[in-house]
Each structure stands twice: as structure tokens, then as C-alpha cells.
Enquirer: 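Would you mind keeping the following structure in view while I ask a few things?
Counting starts at 1 for both ligands and their atoms, following the listed order.
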Amino acid sequence: MKFVYRFGARRADGSAKMRDLLGGKGANLAEMANIGLPVPAGFTISTAVCVHYMKTGNYPPGLAQQVREGLAYVERQAGRRFGDPKAPLLLSCRSGARASMPGMMETVLNIGLSERTLPGLVALTGDERFAYDAYRRLLAMYADVVMEKAEGIEPAEGQGIRAQLEGLMRGLKERTGRRQDADLTVDDLKELCGAFRERIEQVFGRPFPDSPREQLWNSIRAVFRSWNGKRAVSYRRIENLPDDWGTAVNVQAMVFGNLGATSATGVAFTRNPATGDARFYGEWLRNAQGEDVVAGIRTPNPLNAASRNVRNAGMESFEEAMPGLYAELDGYRRILERHFRDMQDLEFTVENGRLYMLQTRTGKRTGVAAINVAMDMAAEKLIDERTVLLRVKPEQLDELLHPILDPAAEKDATVIGEGLPAGPGGATGRVALTAADAIERARQGDPVILVREETSPEDIDGMRAAAGILTARGGMTSHAALVARGWGKCCIVGAKSATVDVAGRTVRFGELAVADGDWLTLNGTKGRVYAGRLPMIDASEQPRFQQFMKLADKHRRLAVRANAETPADAAVGRRLGAEGIGLFRTEHMFYGKGSDESLFLLRKMILARNVAERRAALDELFVHVKTVVKGTLEAMDGLPVTIRLLDPPLHEFVPKSEEKQAALAEALGVSVEEVRERGKELRELNPMMGHRGVRVGITYPEVTEMQARAIFEAAAELLAEKRRPIPEIMVPVTCEARELEHQNAIIARVHVEVCRKAGRRRIPHLVGTMIEIPRAALLAGEMARAAEFFSFGTNDLTQMTFGFSRDDAATFLPDYLAKRLLAADPFQTIDVAAVGELMQTGVSRGRAVRPGLKIGICGEHGGDPDSIRFCHQVGMDYVSCSPYRVPVARLAAAQAALLDRRPVRPAKSRPARRPARKAR
Ligand code: ADP
Ligand code: MG
Ligand code: MG
């Protein structure tokens with residue numbers, strides 16, 4: 001079996017298509033060689049060897065021989081022998097898995113240097129200082145990666161071998177008064193290498209190996225083992241990557257960027273990864289080895305003019321310093337982009353005036369850059385429309401839906417504090433330390449950053465008025481965080497270094513004091529705080545974003561609606577492209593600020609002793625319901641609005657505090673005891689499965705009647721104003737067709753009454769139901785006889801299917817996920833196996849009875865890209881999600897359509913197909 005794949009001058013055994021076997025790095029090194037780029041010769045040991053090693057602890061038979069042959073090939077190409085004391089070939093041993101796992105696994109450079117070969121390297125390069133510099137790097141990397149990490153040794157923080165050796169180097173610098181690494185003399189470095197060797201032997205009880213072959217084999221093993229290193233394992237958990245892929249090992253001839261003034265090393269992106277700007281972008285260092293650029297020991301120089309910022313402003317660019325090589329590199333940049341048809345992230349090294357390419361991979365980018373790069377590449381005819389849409393992750397759009405800090409400006413600004421990224425986007429404004437100040441200053445027209453120790457519900461209006469919120473305390477679920485996210489407002493919580501002194505009118509960030517009224521800037525996506533006023537860009541208004549969304553709309557079949565309860569939220573949804581409201585929760589008018597009166601009336605209704613009393617309370621309540629419904633229908637003029645009848649368990653609204661009970665008793669003219677008694681009667685052991693939803697309408701038909709009347713009258717008034725309201729009345733928590741028929745009869749009667757009064761033949765509307773109980777999904781055929789539309793309430797459907805209470809799942813679900821008993825949180829992504837099966841059953845049985853039955857989803861899943869793909873596949877008509885997720889859903893719907901290339905047939909005759917478990 002073939003385990004070793006060679007690459008060198010203009011040819012390679014492998015190619016970019018062989019990622020699985022060669023890892024991303026190995027596959028692309030092969031590809032670069034194939035297309036004629038200058039890649040130092042080497043070979044890749046396949047991931048299959050790693051898998052074998054993980055299973056058995058041994059290498060497969062034949063590997064040693066193949067590695068020997070690979071080595072002989074590299075020696076021929078380089079014209080030097082590994083371990084040759086006169087002119088030694090040095091090697092790097094690099095990890096590289098199928099998916100890029102930046103910095104998670106290990107690399108060892110300069111393998112093959114030893115007491116025996118050192119003189120040879122000196123002779124070969126004529127540079128003794130360089131040779132010892134390379135040696136001390138090998139000693140440090142090898143000790144760290146091979147002798148410590150690969151052996152599973154876990155020293156205490158700061159006690160590892162690398163830290164110890166760095167300590168020795170620091171000590172030497174202090175003693176000799178040298179400031180930079182580059183100031184160290186040959187003698188310094190010789191002394192250092194000696195000290196390194198001594199310390200290594202002392203710590204590990206065995207010496208650094210002088211045998212180049214032993215170094216190489218141990219490095220190979222260490223790279224394989226790094227696949228199961230701590231960092232790599234937790235990265236895979238987070239990214240949801242499988243543990244059984246394994247890594248490949250790339251063994252490659254070293255080229256030296258640290259051979260003096262005509263040598264250099266650098267990292268570049270074929271386009272700017274922060275903005276997507278189509279100009280070459282990168283950093284380089286003269287006389288340095290690869291890892292120096294990323295390590296941040298020296299401030300790297302800019303690659304060219306487009307890469308300048310305040311930090312590197314005065315420094316020489318690669319373009320200026322080595323113009324010929326820059327032109328050559330720029331040529332490779334073009335070749336690579338044409339070839340891979342995507343933005344690349346590359347590593348290069350110049351050895352004595354010769355340029356080598358050491359890596360290329362797809363560059364990671366921000367949401368803004370993702371859109372710009374994809375649209376530009378389409379304009380350059382590098383990619384087609386389909387690829388444009390598939391290149392941007394739906395989640396990345398989230399970044400664009402809020403004003404964001406200008407990435408170019410942010411790069412040059414200094415972070416003064418950090419906290420948790422609670423609300424996305426960026427905000428800049430003047431500091432206000434109280435909610436009242438925030439409101440007042442916002443009224444005067446200044447943007448405000450509200451800074452609080454922590455926020456409480458009393459601050460709500462100040463928070464609303466502020467452009468951004470910063471708190472010193474609190475976590476991701478703190479009040480400020482929840483509220484800000486709900487509004488899509490920029491917010492950072494738990495910025496520990498901030499000390500808020502309201503009396504002294506300042507906020508301190510360590511040494512730095514920011515006064516009340518000073519400018520402050522927040523990056524809520526990253527949790528970073530900056531002093532002063534940084535420029536913002538509104539990405540969603542950029543024509544690019546609009547064009548991109550238009551393209552998505554062109555390719556999607558699913559409609560996208562918003563879940564909204566207020567005219568303001570409805571308007572946001574509409575601005576972001578919602579084609580209606582998929583869920584208007586009537587009960588929301590009884591929560592939060594300004595709901596005092598309606599809540600009081602609702603309580604009166606709930607605690608009524610008889611129908612007459614209840615009707616009286618309902619009559620008063622009617623006015624409120626009608627107002628909110630009318631406002632929302634108006635905001636969504638011409639688009640459908642699904643209004644769900646009152647759903648939550650009534651006892652939720654029974655006042656619990658004595659004070660409130662007393663007030664209610666007085667208003668109702670009954671005793672406090674009676675109010676309490678009635679409350680007790682309403683108490684349920686399991687309210688989520690108790691007297692709620694349609695059940696309230698069954699026991700108290702007048703409650704349904706009032707709501708239907710409010711909806712129809714609101715619609716009739718709008719019709720009279722020449723508007724086009726399209727209400728869709730939705731009955732929740734049904735499990736039986738007769739429940740629905742019972743409610744339909746009430747709604748139909750009220751419809752007739754309101755029409756008569758308004759002098760109309762009909763008020764356009766639909767009556768349908770939520771499908772959120774398994775029984776309703778299974779009996780969808782019967783439900784469809786009584787329903788003109790279905791909306792899957794997947795929160796409850798998931799809850800009822802798993803028997804997991806969503807409100808209590810936090811106590812056990814994380815364990816299920818950590819132990820991998822469940823692949824994903826079913827409340828986030830639809831569980832295709834069972835909940836999905838019920839949905840599919842609901843769709844096909846419903847449509848079998850009522851062809852063209854309109855079907856949507858209104859649970860939280862309606863904004864989750866994987867779930868949206870499922871909704872597309874089962875043939876739904878629309879998804880509905882929170883207003884700020886509408887663009888995410890539009891893109892996810894387009895991607896679902898692009899990935900599912902079946903011709904779109906009427907849903908009824910569509911074959912039931914089980915979608916792949918993991919979408920994308
Ligand atoms: P990572 O995946 O962490 O970037 P790499 O395997 O790419 O690790 O290597 C780390 C650094 O060493 C990079 O800067 C790379 O360019 C450099 N490097 C790797 N192999 C060689 C080589 N053969 N010659 C010169 N530099 C190398
Ligand atoms: Mg690299
Ligand atoms: Mg429900």
C-alpha cells in the first residue's frame with residue numbers, strides 16, 4: 001500500500017483532490033508543485049498511517065521503507081544528504097489534517113542539525129551565526145513538541161520546557177545587554193545552545209538526540225500524536241470535526257529565510273481577509289524563519305502599500321525591498337487564485353534571493369469580506385452565481401446586520417478592555433453612566449454608550465436609547481445580554497477590568513480613565529472596548545449586501561417570514577426582507593413595559609367568577625388586542641400575518657405578590673382571599689401540558705370570540721382605509737380535529753357578524769393550526785380537513801417528542817452533548833430522525849387531504865440553517881424566524897435550493913425523502 005506521496009519540482013504524486021489522504025497542507029503542496037510553483041521538495045505521509053497508529057500504536061508494515069525512499073528523493077532534489085556532516089540537508093516535519101486546524105497541531109523545523117552536522121551547515125552557508133540560530137530553534141521546538149507534548153507531559157502553567165528555555169534566553173540577553181534576538185552574537189548563541197542541551201537533559205533525564213534519523217522519526221511520531229493533543233481535541237469538539245480522520249505528516253526540505261539580508265519570510269492573503277478588498281495583503285520579515293511572523297516577537301513589515309497600517313507605517317514593504325521577488329510572488333498570487341478560484345492564505349520564504357512557496361489554503365475571512373470576495377470573483381468570472389451563494393455561511397450575515405467597526409480602523413486601534421461579546425456589531429458614542437443620562441443625551445442627538453456596573457430592568461429605556469451597552473459584571477445570560485441580543489444591539493458584558501464610578505463620573509480601565517461624556521467604541525461581536533471614536537460602517541445598507549441578498553432570493557423557493565409581536569419589530573423584519581409574519585404571539589401584549597393596563601384586564605378576565613364577569617373584562621381587553629393587531633397588520637400591509645390565539649397557561653398571569661393581589665381584589669370588588677383561592681384553583685402541576693392554548697378556547701369560548709372579533713374588526717377598518725390586511729388566525733396546541741372545528745365555528749360566526757356590521761361580503765383571512773403535538777402530526781390528514789394552513793411549532797414538538805422540558809433541559813442536555821449521546825441540541829437544530837419524521841408525516845398526510853395546504857414553521861428552528869434545509873426538503877412553503885435572522889434564513893433557503901437540485905414538483909407528489917443527517 002502506498003503511504004508516502006512525493007512532491008518536488010513541477011510534479012507530485014498527489015493533488016489538491018486528495019485532501020482526505022494527504023491533509024489540506026499536503027494536498028496543496030502537491031498541487032502547487034504540479035502547477036509549477038517553486039515548492040521545496042518533500043513527501044507526505046498519509047492520514048491512513050495516523051489512523052493505523054492511533055488504533056495499534058504501531059506503523060503499518062512497509063512504511064519505513066517508503067520513508068527511506070521518500071527521503072532519498074528529497075536528497076536527490078535538494079542535492080544534499082540528510083545527516084551529511086559536510087553539507088547536511090535539513091527537514092521540516094509538519095502536521096496537516098483534512099480540515100484546517102490552525103495552530104492546533106505541531107511542526108518541527110531544522111531537523112537534522114546536531115553536534116556532528118553543525119560544522120557542515122556552517123561550511124555550507126558560510127554563516128556560523130545562522131547555523132547556531134537554527135540549532136537553538138530546533139532544540140527548543142524539539143524539546144517542546146517531541147520530548148514533552150508527545151509524551152503527554154503536562155507541566156504547570158509557565159513551567160513547560162519551552163518557557164524554561166525562553167527564560168534562559170531572556171537571562172542571557174539581560175546579562176549581555178542585548179535587546180533583540182537579532183543582537184545575539186555567535187558566541188551568545190553557542191553558549192545558549194549549550195545551556196539548552198543541558199537543561200533538556202536535566203528535565204527529561206535523557207539528552208537531545210544527535211542522530212538525525214532519530215530526530216526525524218521521533219518528530220513524525222510527535223506530529224501523529226499531536227492529533228490527540230489537548231488543543232486539537234477540544235478544537236474538534238468545538239468545530240464538530242470527527243476524531244477519526246487523523247493528520248498527515250509533511251516532511252520537507254528546509255529553506256532558510258534567516259540567511260541574512262537577502263533572505264526573508266512572510267504570510268500573505270490574495271485579498272484582504274477583513275474587508276475583501278481585492279488587493280494583495282500581507283506581512284513579511286527580513287532575515288527570519290517562518291514562525292517569527294506569527295509569533296509577534298517582532299512587528300512585521302507590510303507586504304505592500306495596501307497592507308500599511310499605523311503600526312507598520314514607516315516600515316519598508318516587501319514590494320520596496322525586493323521588487324523583483326514581489327512581482328514574482330504577485331504572479332503566483334494570480335495563478336493560485338485562478339487555480340483555486342477562492343481567496344488564498346499563503347506562506348512564502350526567500351532564501352538568498354530565491355522565492356519558495358511553503359503553503360496555500362483557503363483564507364478565513366469576515367462576513368463582509370466573504371460577500372465582497374464572492375461578488376468580486378463572480379464579476380471577474382472566476383466563479384458562478386451558485387458558488388457565490390454557497391461561499392458565504394448564513395451565520396456570517398449576522399455580522400452584517402448591525403453597524404460594524406470599520407475593520408481597517410479597528411486593526412490600528414488599541415484595546416482598552418475586554419468582555420463577553422453579548423450583542424453583535426459595533427457602536428461608538430459618548431459615555432453615559434446612568435440610564436437617565438443616556439436618554440437625555442440621546443435626545444440631544446448624540447450617540448450614547450451606556451456603561452453600568454450591571455444593568456437592571458429599570459435601565460431598560462436607557463438601554464434602548466443607547467447605541468451600545470457595556471457592563472463590568474454579568475455573563476452571557478445576564479439581563480443586559482438578553483435584552484441587547486433581543487434588540488440586535490451592540491453589547492459587551494462582564495468587562496472585568498472596567499471600574500464604574502458613577503459619583504466620580506468616570507470609568508476606569510486599569511490606568512486609563514474615561515470620563516462621563518467621552519467617546520468610547522465597542523466591538524460587540526468580539527467583546528473589545530476601544531477609547532475614542534472609531535468609524536463605523538453599516539454593512540446591511542451597502543449595495544453589495546443588497547445585491548447579494550437579491551441573488552439569494554432569486555434562487556430560493558422557501559418564503560421567509562418574521563416572528564414579531566409589535567409594529568416596530570414587524571417593520572424591522574420587513575426592512576430585512578420578511579415576506580410576512582409567521583408568528584404573532586398575542587400574549588406578548590401582556591408582558592413588559594406599557595402592559596400594565598392590558599395585563600390588569602387580563603387578570604380580571606382570568607379571575608372572573610362567571611361568564612358575565614368574564615365578558616365584561618373581555619370587552620375592555622378587546623380594545624387593546626385590536627390596537628396591537630391593527631398596528632401589526634398595518635406594518636405588514638399586503639403581506640400575511642399569522643396571529644396565534646392566546647397560548648400560555650393562564651396561571652402564569654395570576655398575580656403572585658400580595659400587593660398585586662390586593663389591588664386586583666379591590667378592582668374586582670372581592671376579598672384578597674378570594675383572589676388567592678381562585679389563583680390556587682388555577683395552579684397546575686404541569687402547566688406546559690395543562691389548561692392552555694386551544695383548551696382555554698374550548699372551556700371559555702368567549703375568549704376565542706373576543707380575539708376573532710378584534711382581528712376581524714382591525715382588518716375591516718384597514719380595508720376601509722384601502723389597505724390590504726391578510727390575517728391568518730392560528731389555533732395553538734391542538735391534537736384533535738374536533739377541537740379545531742369547535743374553534744372554527746366560533747371564528748366563522750364572528751366573521752359573519754363583523755362583515756355584516758362593516759358591510760362587506762368577506763374579510764380575506766385563513767384559519768389554521770399549529771402542529772406541535774405528535775398526535776396532531778400523525779393525524780394531520782384529519783387536522784387538514786379543518787385547517788387551511790399548518791405551522792409547525794417545533795419547540796413544543798421537540799419537547800413532546802423527546803419528553804425533554806425545554807425550560808429544564810439545561811440541567812442535563814449539555815451532558816448529552818459532551819458525551820456525544822446526541823449529535824446536536826434538538827432545540828437548536830431539528831432532530832431529523834424523529835421530530836423530522838413527524839413533520840414529514842404531517843406534511844404528506846396534510847397535503848394528501850388538502851392539496852396545496854400552506855405549511856410553515858414558526859419554532860426557533862426557523863432561523864437555523866440546517867433546519868431550514870430540512871424544511872426545504874420536506875416541501876414547506878415558508879420558514880419564520882426572529883426579524884434579525886431573516887437574511888440568514890433567506891441565504892440558508894437559497895443554499896438549500898442550490899444543494900437540492902431535484903426539479904421542484906408539487907409537494908404532494910414529491911417522494912418522501914429522508915434528508916442527510918448533517919446538512920451541508
Ligand atoms: P502551521 O500549520 O502552524 O502554520 P506549518 O507546518 O505551516 O505550521 O509551519 C510553521 C512555520 O514553519 C510556517 O511559518 C512555515 O512557513 C515554516 N516552515 C515549514 N516548513 C518549512 C520549510 N521546509 N522551510 C522553511 N520554513 C518552513
Ligand atoms: Mg502554516
Ligand atoms: Mg407551543
Enquirer: Minimum heavy-atom separation for Pro207 to Met147, with atom names?
Expert: O-CE, 3.9 Å
Enquirer: Heavy-atom contacts under 4.0 Å between Pro40 and ligand 1: side chain, backbone, both, or neither?
Expert: neither
Enquirer: Within the structure provided, determine whether Gln289 and Met254 are in side-chain contact (heavy-atom separation under 4.5 Å).
Expert: yes
Enquirer: Counting both backbone and side chain atoms, is some N or O of Ser95 under 3.5 Å from an N or O of ligand 1?
Expert: no
Enquirer: Under the criterion salt bridge (charged side-chain N to carboxylate O under 4.0 Å, His left out), which of Arg361, Lys364, Arg365, Arg271 is the partner of Asp342?
Expert: Arg365
Enquirer: Hey, is Thr265 touching ligand 1 through its side chain, its backbone, both or neither, going by heavy atoms under 4.0 Å?
Expert: neither
Enquirer: Which atoms from ligand 1 have a heavy atom of Gly290 less than 4.0 Å away?
Expert: 14 (O)
Enquirer: Which of the protein's N, O or S atoms come within less than 2.8 Å of the Mg ion (ligand 2), not counting waters?
Expert: Glu347 OE2, Gln359 OE1
Enquirer: Would Asp181 and Lys173 pass as an ion pair if we require N to O under 4.0 Å?
Expert: yes
Enquirer: Mind checking whether Met105 contacts ligand 1 via backbone (N, CA, C, O), side chain (CB onward), both or neither, at a 4.0 Å heavy-atom cut-off?
Expert: neither
Enquirer: Which word best sums up how the rings of Phe256 and Phe130 line up, parallel for under 30°, tilted for 30 to 60°, or perpendicular for over 60°?
Expert: perpendicular
Enquirer: Check whether any side-chain heavy atom of Ile111 sits under 4.5 Å from a side-chain heavy atom of Pro212, and report yes or no.
Expert: no
Enquirer: Kindly confirm or rule out an N or O of Arg361 lying under 3.5 angstrom from an N or O of ligand 1.
Expert: no
Enquirer: Could I get the full list of side-chain hydrogen bond (donor to acceptor under 3.5 Å, both in side chains) partners for Thr387, not counting sequence neighbours?
Expert: Asp384
Enquirer: What pair of heavy atoms forms the shortest contact from Ala33 to Phe7, and how long is it?
Expert: CB-CB, 4.3 Å
Enquirer: Please identify which atoms of ligand 1 are closer than 4.0 Å to at least one heavy atom of Ser92.
Expert: 20 (N), 21 (C), 22 (C), 23 (N)
Enquirer: Leu358 to ligand 1: N or O pair under 3.5 Å?
Expert: no
Enquirer: Under 4.5 Å between any side-chain heavy atoms of Arg338 and Ile335, yes or no?
Expert: no
Enquirer: For ligand 1, is any non-hydrogen atom under 4.0 Å from Lys25's backbone (N, CA, C, O), its side chain (CB onward), both, or neither?
Expert: side chain
Enquirer: Between Phe318 and Tyr326, how do the two ring planes meet: parallel, tilted or perpendicular, split at 30° and 60°?
Expert: perpendicular
Enquirer: Report the member of Met254, Glu347, Glu351 with the shortest heavy-atom distance to atom 15 (C) of ligand 1.
Expert: Glu347
Enquirer: Considering only heavy atoms, does Val255 approach ligand 1 within less than 4.0 Å through its side chain, its backbone, both, or neither?
Expert: both
Enquirer: Using the side-chain hydrogen bond (donor to acceptor under 3.5 Å, both in side chains) definition, which of the options Arg279, Gln344, Glu337, Arg333 pairs with Thr270?
Expert: Glu337
Enquirer: What are the atoms of ligand 1, with element, lying closer than 4.0 Å to any heavy atom of Leu109?
Expert: 12 (O), 18 (N), 19 (C), 20 (N), 27 (C)
Enquirer: Could you tell me whether Arg341 and Glu380 make a salt bridge, using a distance below 4.0 angstrom between a side-chain N and a carboxylate O?
Expert: no
